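Working notes, structure below.
Protein chains get the first letters and strands the later ones, always in sequence-line order, with residue 1 at the start of each. Keep in mind that what you see is a predicted model, and the values were worked out from it rather than measured.
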Protein chains: 2
Amino acid sequence: MLKENILFKGLDTDRIQQIIHTTGTREVTYAPGEIIMHQGDVAQDIGIVLQGSAIGKKYTRAGEEIIASVLTENKIFGDVLSGADGFASPVTVQAVTKCTVLFINYKNLLYSSHPQAHKILQNMIRNISMKYFVQNKRMEILMLKSVRSKITTYLEWQADSKGGRSFTIDMDRQLMADFLGVERSALSRELSRMKKDGLIDYHKNHFVIL
Amino acid sequence: MLKENILFKGLDTDRIQQIIHTTGTREVTYAPGEIIMHQGDVAQDIGIVLQGSAIGKKYTRAGEEIIASVLTENKIFGDVLSGADGFASPVTVQAVTKCTVLFINYKNLLYSSHPQAHKILQNMIRNISMKYFVQNKRMEILMLKSVRSKITTYLEWQADSKGGRSFTIDMDRQLMADFLGVERSALSRELSRMKKDGLIDYHKNHFVIL
DNA sequence: TGTAATTCGTTGCCATTGCAACGGGAGGTT
DNA sequence: AACCTCCCGTTGCAATGGCAACGAATTACA
């Protein structure tokens with residue numbers, strides 16, 4: 001399973017085994033609802049979800065909860081945090097189902113003399129960089145002022161990445177509204193206006209750009 | 001000078017020389033206004049500004065220009081882009097003054113057998129991760145709905161990172177407004193309201209949280 | 001020192017959008 | 001089938017904030 005993990009891509013099973021055994025990993029199982037990492041923690045470990053699922057959430061100053069990421073099997077977390085070295089975690093990671101996590105110590109990985117560690121660092125750079133760009137795209141959208149421009153930019157982005165003018169997104173209205181930084185009702189209102197204007201067609205989370 | 005570069009921190013001059021000579025770097029000088037990298041380019045090189053200064057800018061769908069970063073001496077660019085491997089550059093990099101740039105090929109760096117390359121990758125990870133978090137903080141602010149909450153969150157963040165309730169920021173009003181994703185006039189209006197309400201005091205770009 | 005240019009604060013106007021409340025429809029459960 | 005729950009669309013209201021225009025203040029420059 002780890003062979004498919006974004007962190008170990010390009011390595012064969014033996015090498016992965018080797019690295020896991022020599023860098024001092026640990027495996028922890030959490031009950032549903034249990035906190036895996038607290039907002040504010042300064043972690044040095046990269047976590048890999050082996051079984052179950054978890055979410056990364058964050059609380060604003062106003063106290064409202066925001067779901068920052070959904071961690072399913074074989075997803076990793078804490079990589080950017082470990083990489084930044086000394087930053088406080090902006091999110092709380094909480095088990096949704098019963099959940100087993102493999103922790104790899106980043107420092108040990110860094111100072112291991114494995115020639116394979118190089119490959120892992122490369123994978124880590126690629127992963128963090130890609131996260132950076134996704135965030136960057138979202139920022140570009142959040143900076144826009146009107147709801148319509150946000151929707152347009154978002155939909156064209158989705159069309160580009162899914163390779164067609166007819167596509168299904170993997171968010172419901174509420175998540176989409178959160179992503180665009182607008183009210184759900186305002187989003188619905190503007191979507192129906194755009195449909196009336198003949199710009200788009202949609203049903204639920206399937207969209208067509210006309 | 002490169003010893004102080006974020007990419008080479010922790011390495012001594014000899015090692016840096018060695019790496020530069022064996023990984024095939026190239027040095028290019030640009031005239032003021034000349035384009036160093038185009039939006040949409042797929043680059044594999046990390047650029048280091050040796051002399052002069054440049055800016056990274058980006059154009060929205062609406063055609064307005066956004067300054068994404070200011071590149072002074074010894075700053076690097078293209079690191080996230082190289083790291084992501086295959087992504088198109090979201091920004092155009094343009095020389096402001098006459099400008100000399102050292103390009104390092106990322107692939108060569110990856111496949112170099114230098115033990116020092118490891119250290120550079122670590123530095124690169126730290127740099128990209130930190131950029132990620134700064135972006136993350138900005139996103140958190142951009143998602144807020146009222147101008148006042150944006151200002152409050154921003155100022156407390158600055159107070160935290162500068163270690164005091166009285167501090168100077170390195171942006172003028174226009175840049176600050178862009179950063180918060182609001183109109184300059186709306187920002188000024190809300191700032192003066194907050195002063196009247198006794199929450200803050202300020203003059204130009206110096207702020208005090210009361 | 002005089003002039004130009006840049007930056008910032010202020011204000012009026014009003015479109016946009018947040019907010020709240022409601023209703024309908026789809027899907028799941030007993 | 002009846003009921004419940006979740007998700008989405010709709011709408012009225014109020015006000016936030018974008019936009020534009022202007023003036024004051026500070027700086028730059030000659």
Side-chain angles (χ1 to χ4, degrees), chain A residues 55 60-67 70 96 140-155 167-208, chain B residues 55 60-67 70 96-97 140-155 158 167-208:
Chain A
I55 52 169
T60 63
R61 181 175 310 276
E64 52 177 345
E65 188 176 302
I66 300 170
I67 295 181
V70 179
V96 174
E140 188 185 306
I141 292 174
L142 287 175
M143 282 176 56
L144 296 173
K145 289 150 201 163
S146 72
V147 175
R148 178 168 295 203
S149 62
K150 291 183 180 192
I151 295 174
T152 312
T153 305
Y154 173 73
L155 289 182
F167 51 87
T168 301
I169 66 174
D170 53 358
M171 296 175 168
D172 60 20
R173 276 291 169 287
Q174 184 60 57
L175 284 177
M176 183 176 171
D178 288 345
F179 189 86
L180 301 183
V182 299
E183 268 306 295
R184 183 191 59 79
S185 67
L187 173 58
S188 280
R189 171 166 41 199
E190 195 59 35
L191 279 173
S192 68
R193 275 184 196 154
M194 290 174 72
K195 184 190 276 186
K196 197 166 61 188
D197 290 354
L199 296 175
I200 60 171
D201 197 12
Y202 66 96
H203 179 68
K204 299 272 182 187
N205 58 345
H206 183 83
F207 292 85
V208 182
Chain B
I55 52 170
T60 63
R61 179 175 311 276
E64 51 177 344
E65 187 176 304
I66 299 171
I67 295 181
V70 179
V96 174
T97 65
E140 188 186 306
I141 292 174
L142 286 174
M143 282 176 56
L144 296 172
K145 289 150 200 163
S146 71
V147 174
R148 178 168 295 204
S149 61
K150 290 183 180 193
I151 294 174
T152 312
T153 304
Y154 174 71
L155 289 182
Q158 287 297 309
F167 52 86
T168 301
I169 65 173
D170 53 357
M171 296 175 168
D172 60 20
R173 277 290 170 287
Q174 185 59 59
L175 283 177
M176 183 175 170
D178 288 346
F179 189 86
L180 301 183
V182 299
E183 266 307 295
R184 184 192 58 79
S185 67
L187 173 58
S188 280
R189 170 164 43 196
E190 195 59 34
L191 278 174
S192 67
R193 276 183 195 154
M194 290 174 72
K195 184 190 275 188
K196 199 166 59 187
D197 291 354
L199 295 175
I200 61 172
D201 197 12
Y202 66 94
H203 179 68
K204 298 273 182 186
N205 57 344
H206 183 82
F207 292 85
V208 183

Roughly, in whole Å, what's the span from CD1 in A/I151 to C1' in D/dG9? 13 Å
Nucleotide D/dA21, atom P - distance to CD of B/E183 in whole Å: 13 Å
Rounded to the nearest Å, what distance is computed from the CE atom of residue B/M143 to the C1' atom of nucleotide C/dG18? 15 Å
Nearest heavy-atom pair of A/R173 and A/K204: which atoms, and what distance? NH2-O, 2.8 Å
Quick check for you: to the nearest 0.5 Å, what is the distance between B/T153 atom OG1 and B/L144 atom CG? 4.5 Å
Within the structure, does a side-chain N or O atom of A/K145 lie under 4.0 Å from either OP1 or OP2 of D/dC19? yes
Check the interface with nucleotides 11-13 of chain D: list each N/O to N/O pair with the protein under 3.5 Å, or write none.
{"from": "D/dG12", "atom 1": "O6", "to": "A/R189", "atom 2": "NH1", "distance (Å)": "3.3"}

Strictly under 3.5 Å: I want the nitrogen or oxygen pairs between protein and nucleotides 4-8 of chain D, one per line.
{"from": "D/dC8", "atom 1": "OP1", "to": "A/R173", "atom 2": "N", "distance (Å)": "3.3"}
{"from": "D/dC8", "atom 1": "OP2", "to": "A/R173", "atom 2": "N", "distance (Å)": "3.1"}

Would A/R189 and A/E183 satisfy side-chain contact (heavy atoms from CB on, under 4.5 Å), going step by step from the backbone distance to the final call? CA-CA 10 Å; A/R189 171 166 41 199; A/E183 268 306 295; over 6 Å; no
Any sub-3.5 Å donor-acceptor pair from A/D197's side-chain atoms to A/L199's backbone N or O? no
What is the distance, rounded to the nearest whole Å, between atom CD of B/E190 and atom P of D/dC19? 17 Å
note: B/D178, atom CG; D/dG17, atom C1'; distance rounded to Å ~ 16 Å
Rounded to whole Å, the CZ-C1' distance (A/R148 to C/dG18) equals 18 Å
In this structure, CD1 of B/I67 is separated from CG of B/L175 (nearest 0.5 Å) by 7.0 Å
Return the CD1 to CG distance between A/I151 and A/L191, rounded to the nearest 0.5 Å. 4.0 Å
Rounded to whole Å, the CG-P distance (A/L180 to C/dG18) equals 11 Å
Looking only at heavy atoms, what is the nearest atom pair of A/V147 and A/A186, with distance? CG1-O, 4.1 Å
Plane angle bin for B/F179 and B/Y154 - parallel if under 30°, tilted between 30 and 60°, otherwise perpendicular: tilted
For the pair B/H206 (side chain) and B/F167 (backbone), establish whether a donor and an acceptor sit closer than 3.5 Å, ignoring hydrogens and angles. yes
Separation of atom CG in A/L144 from atom C1' in D/dC19, rounded to whole Å: 17 Å
